[in-house]
Amino acid sequence: MKVILYMASTLNGLIAKKDDDTSWISKKEWDSYSATVQAAGCFIVGRRTYNTLTKQPEFQELKNITLVVVSHQDFKILSPNHHIAHSPKEALEQLKDFKEVIIAGGGALNASFLAENLVDEIYLDIEPIIFGDGIFLFQGADFEKKLKLLGQKEISENEIQLHYQVLK
Ligand SMILES: NC(=O)c1ccc[n+]([C@@H]2O[C@H](COP(=O)([O-])OP(=O)(O)OC[C@H]3O[C@@H](n4cnc5c(N)ncnc54)[C@H](OP(=O)(O)O)[C@@H]3O)[C@@H](O)[C@H]2O)c1
């Protein structure tokens with residue numbers, strides 16, 4: 001199984017404003033993310049991302065995709081194809097029959113997966129914006145990872161996608 005982290009970020013490494021606003025992320029970026037998740041057939045998010053993402057109208061596109069929410073708690077999930085896992089490893093175990101798994105944020109969940117050395121590749125879509133404070137791409141865990149650049153492409157005339165391998 002290949003574990004791929006896919007995120008949109010500001011130029012300065014933030015994934016949401018302090019109030020969880022992600023309206024600065026473009027439709028082109030969403031389409032690229034959505035196509036990646038649909039091709040994999042499954043994705044994993046943290047509990048806070050589950051609460052914000054499932055309220056967005058575009059989420060309807062992904063409503064039939066298998067989704068695992070990582071949380072220390074048990075809580076009410078919204079659909080029979082959504083599942084709860086209590087750790088990153090448990091989430092991957094639940095999805096072991098898929099060839100690819102998409103890790104889709106937020107910052108706390110991303111950091112947990114990286115700190116446990118569970119991520120093989122990263123796709124990062126850089127949005128043409130900087131803001132001063134917000135939620136970081138990786139936050140709450142102390143780790144260092146070296147990366148190898150596998151590719152780069154323009155997803156629009158103002159947005160670039162970087163593709164990295166996480167060296168283990
Ligand atoms: N730009 C983008 O592409 C993008 C993508 C996704 C999300 N976002 C944004 O990111 C923000 C949310 O990020 P966030 O960092 O605040 O929260 P998050 O990572 O979505 O969720 C954090 C929660 O996930 C659970 N969790 C994380 N690691 C865990 C572990 N190792 N074991 C068990 N549970 C674990 C915990 O839930 P419990 O507290 O329930 O235990 C934790 O409080 C939102 O604003 C969202 O819109 C942006």
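Both ligands and their constituent atoms are indexed starting at 1 by order of listing.
Look at D125 and K28 and you find no salt bridge, because none of the NZ, NE, NH1 or NH2 atoms lies under 4.0 Å from a carboxylate O. A salt bridge is defined here as a Lys NZ or Arg NE, NH1 or NH2 lying under 4.0 Å from an Asp or Glu carboxylate O, and D133 with K18 meets this definition.
Residues S156 and E159 have side chains that bring a donor and an acceptor to within less than 3.5 angstrom of each other. Between the side chains of K145 and N117, at least one donor N or O lies within less than 3.5 Å of an accepting N or O. There is no side-chain donor-acceptor pair under 3.5 Å between Q56 and W30. Side-chain contact check for S34 and E58: no donor-acceptor pair (N or O, by modelled atom type) lies under 3.5 Å.
No option in K148, Q165, H163 other than H163 meets the side chain to side chain donor-acceptor pair (under 3.5 Å) test with E121.
Side-chain heavy atoms closer than 4.5 Å link hydrophobic residues (I, L, V, M, F, W, Y) into clusters, and following such links, even through other members, never connects I25 to I15. Residues I4 and L147 do not share a hydrophobic cluster, defined by chaining ILVMFWY side chains whose heavy atoms lie under 4.5 Å apart.
Checked by distance only, ligand 1 and E116 stay at 3.5 Å or farther apart across all their nitrogen or oxygen atoms. Here's the thing with L109: one of its N/O atoms is less than 3.5 angstrom from an N/O atom of ligand 1. Geometrically, ligand 1 and P88 share no nitrogen or oxygen pair separated by less than 3.5 Å. Ligand 1 has a nitrogen or oxygen under 3.5 angstrom from a nitrogen or oxygen of A8.
Remark: distances from the non-hydrogen atoms of T52 to ligand 1 include one below 4.0 Å.
Residue-ligand proximity, G107 to ligand 1, at heavy-atom distances under 4.0 Å covers atoms 13 (O), 14 (P), 15 (O), 19 (O). Short contacts between ligand 1 and M7, defined as distances under 4.0 Å to a heavy atom of the residue, involve ligand atoms 2 (C), 3 (O), 4 (C), 5 (C), 6 (C). Close contacts between ligand 1 and A108 involve ligand atoms 15 (O), 19 (O), 22 (C) [criterion: under 4.0 Å to a heavy atom]. Residue A104 has at least one heavy-atom neighbour below 4.0 Å for each of these atoms of ligand 1: 5 (C), 6 (C). Each of the following atoms of ligand 1 lies closer than 4.0 Å to a heavy atom of G106: 7 (C), 10 (O), 13 (O), 15 (O), 18 (P), 19 (O), 20 (O).
At a distance under 4.0 Å, a protein heavy atom can be found next to atom 6 (C) of ligand 1.
The option from V69, D74, I15 that lies nearest to atom 10 (O) of ligand 1, judged by heavy atoms, is I15. For atom 30 (C) of ligand 1, the choice among S112, A115, G46, S9 with the nearest heavy atom turns out to be S112. Closest to atom 14 (P) of ligand 1 by heavy atom, among E29, R48, R47, Q73, is R48.
Contacts with ligand 1 closer than 4.0 Å are made by side-chain heavy atoms of A16 only, the backbone lying farther away. Counting heavy atoms under 4.0 Å from ligand 1, residue V70 touches it through both backbone and side chain. With a heavy-atom cut-off of 4.0 Å, T22 touches ligand 1 through its side chain alone. Heavy atoms of L53 found under 4.0 angstrom from ligand 1: none, in either backbone or side chain.
The protein non-hydrogen atom at the shortest distance from atom 20 (O) of ligand 1 is T49 OG1, 2.6 Å. Of all protein heavy atoms, the one closest to atom 44 (C) of ligand 1 is D20 OD1, 3.4 Å. If you check which protein heavy atom lies closest to atom 11 (C) of ligand 1, you get I135 CD1, 3.7 Å.
Rounding to the nearest 0.5 Å gives a distance of 8.0 Å between CD of E93 and CE of M1. Rounded to the nearest 0.5 Å, atoms CG (L114) and CD1 (I103) are 10.0 Å apart.
Looking only at side-chain heavy atoms (C-beta outward), V3 and L92 come within less than 4.5 Å of each other.
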